[in-house]
Amino acid sequence: MVLEIRNVGKAFQSKDGQVVRALSEVSLSVQEGEFVSIIGPSGCGKSTLFNIVGGLLTDHDGKVEVDGMTIQGPHREIGMVFQEESTYPWRSAIRNVELPLEIAGVAAKERRKRAADLIKLVGLEGFEERLPRELSGGMRQRISIARTLAFQPRIMLMDEPFGALDEQTRLLLGDKILQIWQDIRQTTLLITHNITEAVQMSDRVVVMSHRPGRIKQIIEIDLPRPRSSENITDKAFGDYVGMIWRDLREEASMYLTESEAPGAVAKSA
Ligand code: ADP
Ligand code: MG
């Protein structure tokens, strides 16, 4: 196993002294080359779990191991891609991708070549010299992905990387990620709100419960690969979506009930 998450839990203490249990007893093993999606209601601790796996949050219960080594802080084996854009606006596309190689001290010629290969991998050939502002949101997110891959991480964590994009761009970007995954079999964990996206991409989908986040169910997606957004109209695909939706609906309705409680801020549907 590349990744072992063992009995991980986390409680946050708010300023007024209240304790929020964000995660409880989460255990998950991930194999080399696997694509695993994590889906669950807002606030169920998905990002907290990623921050723990990425070593950004160290004060937690349980243990996370990468290749048998306990994670104790940020480390280069884990590459992270977030929802917020994280390109450097003054660097061209290719120089964004080169940055981690520059920091690692890779010689100029070699890093140019490696960055060019990654740019090609994410389908941005021809856009190397563009600045981020000259590219679309989906393209910028692909630069972030290429830059993260430049580290050659053992595991890539993506926290709602398409969250800010429109539905069409998401689907196309989803296809791109699938294609990349099929090319290099990068071990990947993806947090998403989107059931279709989770089924389309994953070997397994982990459904988390409402706070404190626990693993409610793990669903193996036994659909042939290569897949693309064209498969979403298949019956087997729809069956998986339905199965996950049923699980998730229970959790989501609990969340709604809680936010409708007296004192809670009213939410429009
Ligand atoms: P998700 O990513 O699933 O939406 P999060 O992991 O961001 O959920 O948050 C889980 C819970 O922990 C939420 O109730 C959130 O308010 C709380 N939380 C997250 N980070 C902090 C923090 N740094 N301090 C206090 N509470 C936090
Ligand atoms: Mg989150």
Side-chain angles (χ1 to χ4, degrees), residues 3 5-28 30 36-64 71 73-74 78-86 137 141 144-145 148 155-165 170 173-174 177 188-198 201-202 204-219 244-245 247-267 269:
L3 176 67
I5 299 172
R6 298 181 202 269
N7 269 315
V8 164
K10 174 73 193 168
F12 290 108
Q13 183 127 28
S14 64
K15 278 185 212 113
D16 56 10
Q18 272 195 337
V19 174
V20 176
R21 273 216 75 77
L23 281 177
S24 183
E25 291 168 14
V26 172
S27 295
L28 179 70
V30 178
V36 177
S37 289
I38 297 174
I39 197 161
S42 300
C44 76
K46 304 180 293 294
S47 297
T48 302
L49 180 63
F50 268 28
N51 288 335
I52 290 171
V53 173
L56 304 178
L57 254 180
T58 48
D59 172 27
H60 60 86
D61 303 327
K63 183 156 128 161
V64 177
I71 298 304
I78 306 268
M80 300 179 90
V81 177
F82 300 97
Q83 175 172 358
E84 309 81 57
E85 294 205 4
S86 60
Q141 217 36 337
S144 300
I145 291 166
T148 304
I155 304 161
M156 177 142 94
L157 304 180
M158 296 197 280
D159 192 348
E160 303 191 43
F162 319 133
L165 305 172
R170 293 173 82 93
L173 194 51
I177 302 249
T188 304
L189 263 71
L190 169 77
I191 292 177
T192 176
H193 267 115
N194 191 304
I195 303 177
T196 308
E197 196 169 277
M201 306 220 223
S202 312
R204 287 187 293 157
V205 176
V206 175
V207 180
M208 288 186 61
S209 68
H210 182 60
R211 205 165 46 228
R214 296 171 193 268
I215 293 181
K216 183 182 170 94
Q217 177 138 296
I218 300 180
I219 295 160
I244 295 168
W245 172 233
D247 260 346
L248 216 49
R249 189 169 51 188
E250 266 176 40
E251 299 307 319
S253 56
M254 245 179 266
Y255 175 70
L256 276 179
T257 314
E258 187 176 276
S259 52
E260 280 161 5
V265 180
K267 283 212 170 117

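Whatever order the structure lists them in is the order used to number ligands and atoms, beginning at 1.
- Looking only at heavy atoms of the protein, atom 5 (P) of ligand 1 is closest to T48 OG1, 3.6 Å.
- Under a 4.0 angstrom heavy-atom cut-off, G43 registers as being in contact with ligand 1.
- Between the NE2 atom in H193 and the CG atom in L248 there is a gap of 9.0 Å [rounded to 0.5 Å].
- Within a 4.0 Å radius of atom 15 (C) of ligand 1, the protein contributes no heavy atom.
- To the nearest 0.5 Å, atom CZ of residue F12 and atom CZ of residue R21 are 10.5 Å apart.
- Protein heavy atom closest to atom 27 (C) of ligand 1, with residue, atom name and distance, is F12 CD1, 3.2 Å.
- Here I244 contributes atom CD1 and S202 contributes atom OG; the two are 7.5 Å apart, rounded to the nearest 0.5 Å.
- For atom 8 (O) of ligand 1, the closest heavy atom belonging to the protein is G45 N, 3.2 Å.
- Contacts with ligand 1 closer than 4.0 Å are made by no heavy atom of Q13, backbone or side chain.
- Annotation for Q18: atom CD does not count as buried by contact number, only 12 or fewer foreign heavy atoms lying within 6.0 Å.
- Of the options M208, K216, R211, a side-chain contact (heavy atoms from CB on, under 4.5 Å) to E251 is made by K216 and by none of the others.
- The contact set between ligand 1 and S42, taken as ligand atoms under 4.0 Å from a residue heavy atom, comprises 4 (O).
- Applying the salt bridge (Lys or Arg N to Asp or Glu O under 4.0 Å) test to R6 and every residue at least two apart in sequence or in another chain returns E65.
- T192 and N194 are not linked by any side-chain donor-acceptor pair at a separation below 3.5 angstrom, with hydrogens and angles left out of the test.
- At the top of the distance list for atom 7 (O) of ligand 1, counting protein heavy atoms only, stands S47 CB, 3.8 Å.
- Taking 4.5 Å as the limit, some side-chain heavy atom of L189 sits within range of a side-chain heavy atom of L3.
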Just list the side-chain donor-acceptor pairs under 3.5 Å for residues 47-60, sequence neighbours left out, or say none.
residue, atom, partner, partner atom, Å
S47, OG, D159, OD2, 2.7
N51, ND2, S47, O, 3.4

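- With sequence neighbours left out, the salt bridge (Lys or Arg N to Asp or Glu O under 4.0 Å) criterion links E160 to no other residue.
- The count of protein N, O or S atoms under 2.8 Å from the Mg ion (ligand 2) stands at 1, with waters excluded from the count.
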